[in-house]
Amino acid sequence: MTEKPLSGRLALVTGASRGIGAATALALADAGAHVVLTARTTGGLEEIEDKIYAAGGNATIAPMDLTQTDSVVRLAGAIHERWQRLDILVLNAAMLGSLSAVPAIDMKEWSKVFTLNVTAQAALLASFDGLLRASDGARIIGLTSSVGRTPRAYWGTYGASKAAFETLLASYGEEVRNITNIRTAILDPGATRTKMRERAYPGEDPASVKPPETVAARILAMAIDGFEANHNERID
């Protein structure tokens with residue numbers, strides 16, 4: 001029997017209960033990785049876990065709210081105790097918030113969006129830094145959006161959070177590129193059939209945009225083949 005390309009590897013996927021996160025978790029598990037799935041929705045995680053096991057893969061679910069920093073620290077501790085390293089980290093979880101003109105931004109919602117899209121990501125990088133360094137070739141792939149680089153009317157909150165996230169991840173990548181085997185990448189999935197996309201474009205025909213599995217296939221290829229330090233790409 002041929003060994004799968006990610007056999008023996010440990011992956012963590014955030015926002016793994018649906019959409020791109022779920023499709024990515026399934027793809028990584030099918031390639032042999034043991035996948036830790038996180039999201040707030042326990043039922044959704046259990047459904048993906050069942051699919052992974054039904055396909056012969058392995059997974060562990062960790063229902064949690066990433067905005068609770070203590071939960072992130074506890075998860076890192078549990079992974080350290082069981083596996084002592086982390087090979088693949090897919091930073092997918094994010095919140096859209098409301099689309100509104102900048103003067104009309106609800107600052108409470110602004111805070112919620114930045115807490116998940118930026119602060120929680122910083123907490124994940126800080127908490128898992130040691131585990132990533134323990135891998136012989138850790139890969140971090142962060143999902144972004146074109147509005148983080150090309151400002152668009154009414155997308156100020158989400159766009160600003162993604163710009164901040166990209167800077168955060170790229171800065172971390174620069175810090176570790178010459179002293180560790182960690183490599184970071186920023187991936188813009190482009191128009192994809194997700195719940196977030198449906199909220200942002202309610203009149204759009206879902207069949208007119210690519211399915212999450214297309215993005216998951218690219219993430220899988222990046223995890224298997226690797227990439228240069230601070231890699232950046234968009235899927236059209």
Side-chain angles (χ1 to χ4, degrees), residues 1-17 20-42 44-93 120-143 168-169 172-173 175-177 179-185 187 216 219-227 229:
M1 180 177 178
T2 303
E3 186 176 76
K4 295 185 176 182
L6 294 181
S7 292
R9 293 294 184 180
L10 181 69
L12 170 62
V13 181
T14 68
S17 62
I20 293 172
T24 298
L26 289 164
L28 293 173
D30 188 58
H34 185 109
V35 186
V36 179
L37 303 87
T38 74
R40 291 182 299 174
T41 310
T42 302
L45 290 177
E46 290 176 339
E47 182 179 339
I48 302 305
E49 181 186 35
D50 288 345
K51 289 182 179 180
I52 288 174
Y53 276 104
N58 292 286
T60 300
I61 64 170
M64 60 184 294
D65 182 349
L66 291 176
T67 65
Q68 302 298 316
T69 305
D70 289 349
S71 297
V72 175
V73 173
R74 286 196 297 271
L75 177 60
I79 289 177
H80 180 270
E81 184 176 344
R82 182 171 176 182
W83 290 287
Q84 293 82 51
R85 75 180 197 288
L86 180 62
D87 303 300
I88 302 162
L89 175 58
V90 181
L91 299 174
N92 168 70
Q121 311 309 314
L124 283 160
L125 292 173
S127 298
F128 286 94
D129 175 63
L131 289 164
L132 292 162
R133 289 172 186 260
S135 171
D136 61 3
R139 301 290 178 260
I140 305 174
I141 302 169
L143 280 292
L168 176 75
L169 183 55
Y172 177 76
E175 292 161 7
V176 301
R177 66 184 299 175
I179 58 174
T180 73
N181 292 316
I182 301 170
R183 294 294 177 264
T184 64
L187 178 65
I219 293 173
L220 174 62
M222 293 170 72
I224 294 172
D225 300 333
F227 42 81

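Throughout, residue positions are numbered sequentially from 1 according to the sequence presented. Because the structure is predicted, anything quoted here is derived from the model rather than measured. Side-chain atoms are counted along with the backbone in the values below, which use heavy atoms only and exclude waters and symmetry mates.
At a threshold of 4.5 Å between non-hydrogen side-chain atoms, the residues Phe128 and Ile79 count as touching. With a 4.5 Å cut-off on side-chain heavy atoms, Leu220 and Thr24 do not count as touching. Residues Gln121 and Leu125 have side chains not in contact (no heavy-atom distance under 4.5 Å, counting atoms from C-beta outward). Between Ile61 and Glu46 there is a side-chain heavy-atom pair separated by less than 4.5 Å. Within the 4.5 Å cutoff, no side-chain heavy atoms of Val176 are placed close to those of Leu132.
Qualifying side chain to side chain donor-acceptor pair (under 3.5 Å) partners for Arg177, counting only residues two or more places apart in sequence or in other chains: Glu174. Taking Arg139 as the reference, nothing meets the side chain to side chain donor-acceptor pair (under 3.5 Å) condition, with sequence neighbours excluded.
Note that CG of Asp136 and CD1 of Ile182 are 11.5 Å apart. Values are rounded to the nearest 0.5 Å. Between the CG atom in Asp129 and the CG atom in Leu86 there is a gap of 11.0 Å [rounded to 0.5 Å]. With values rounded to the nearest 0.5 angstrom, Leu75 atom CG is found 13.0 Å from His80 atom NE2. Rounding to the nearest 0.5 Å gives a distance of 11.0 Å between CE of Met222 and CD1 of Ile88. Taking CG from Leu37 and CD from Glu47, the interatomic distance works out to 12.0 Å, rounded to the nearest 0.5 Å. Separating the CG atom in Leu66 from the OG1 atom in Thr38 is a distance of 5.0 Å, to the nearest 0.5 Å.
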Side chain to side chain contact (heavy atoms under 4.5 Å, CB included) between Ile52 and Leu26, intermediate numbers included: CA-CA 6 Å; Ile52 288 174; Leu26 289 164; 3.6 Å; yes
Going through the distances and angles, do Trp83 and Val36 end up as a side chain to side chain contact (heavy atoms under 4.5 Å, CB included)? CA-CA 11 Å; Trp83 290 287; Val36 179; 4.1 Å; yes
Glu175/Thr180 under side chain to side chain contact (heavy atoms under 4.5 Å, CB included): CA gap, chis, key distance, verdict: CA-CA 9 Å; Glu175 292 161 7; Thr180 73; over 6 Å; no
Test Leu131 against Leu89 for side chain to side chain contact (heavy atoms under 4.5 Å, CB included), laying out the working first. CA-CA 10 Å; Leu131 289 164; Leu89 175 58; over 6 Å; no
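Checked by atom type and distance alone, the side chain of Asp87 pairs as donor or acceptor with a backbone atom of Leu10 at under 3.5 Å. The backbone N or O of Asp30 lies less than 3.5 Å from a partner atom in the side chain of Lys4, making a donor-acceptor pair. Side chain of Asn92 to main chain of Thr14: a donor-acceptor pair is present (N/O by atom type, distance under 3.5 Å, no hydrogens or angles).
When all heavy atoms of Ala11 and Ala33 are compared, the closest pair comes out as CB-CB, 4.5 Å. Residues Ala123 and Thr69 share a closest heavy-atom pair of CB-CG2, 4.1 Å. What you find for Arg82 and His34 is that their closest heavy atoms are NH2-CE1, 4.0 Å. Nearest heavy-atom pair across Pro63 and Thr42 is CB-OG1, 3.4 Å. What you find for Ala16 and Leu45 is that their closest heavy atoms are C-CD2, 4.0 Å. Shortest non-hydrogen contact noted between Val72 and Ser127 is CG1-OG, 3.6 Å.
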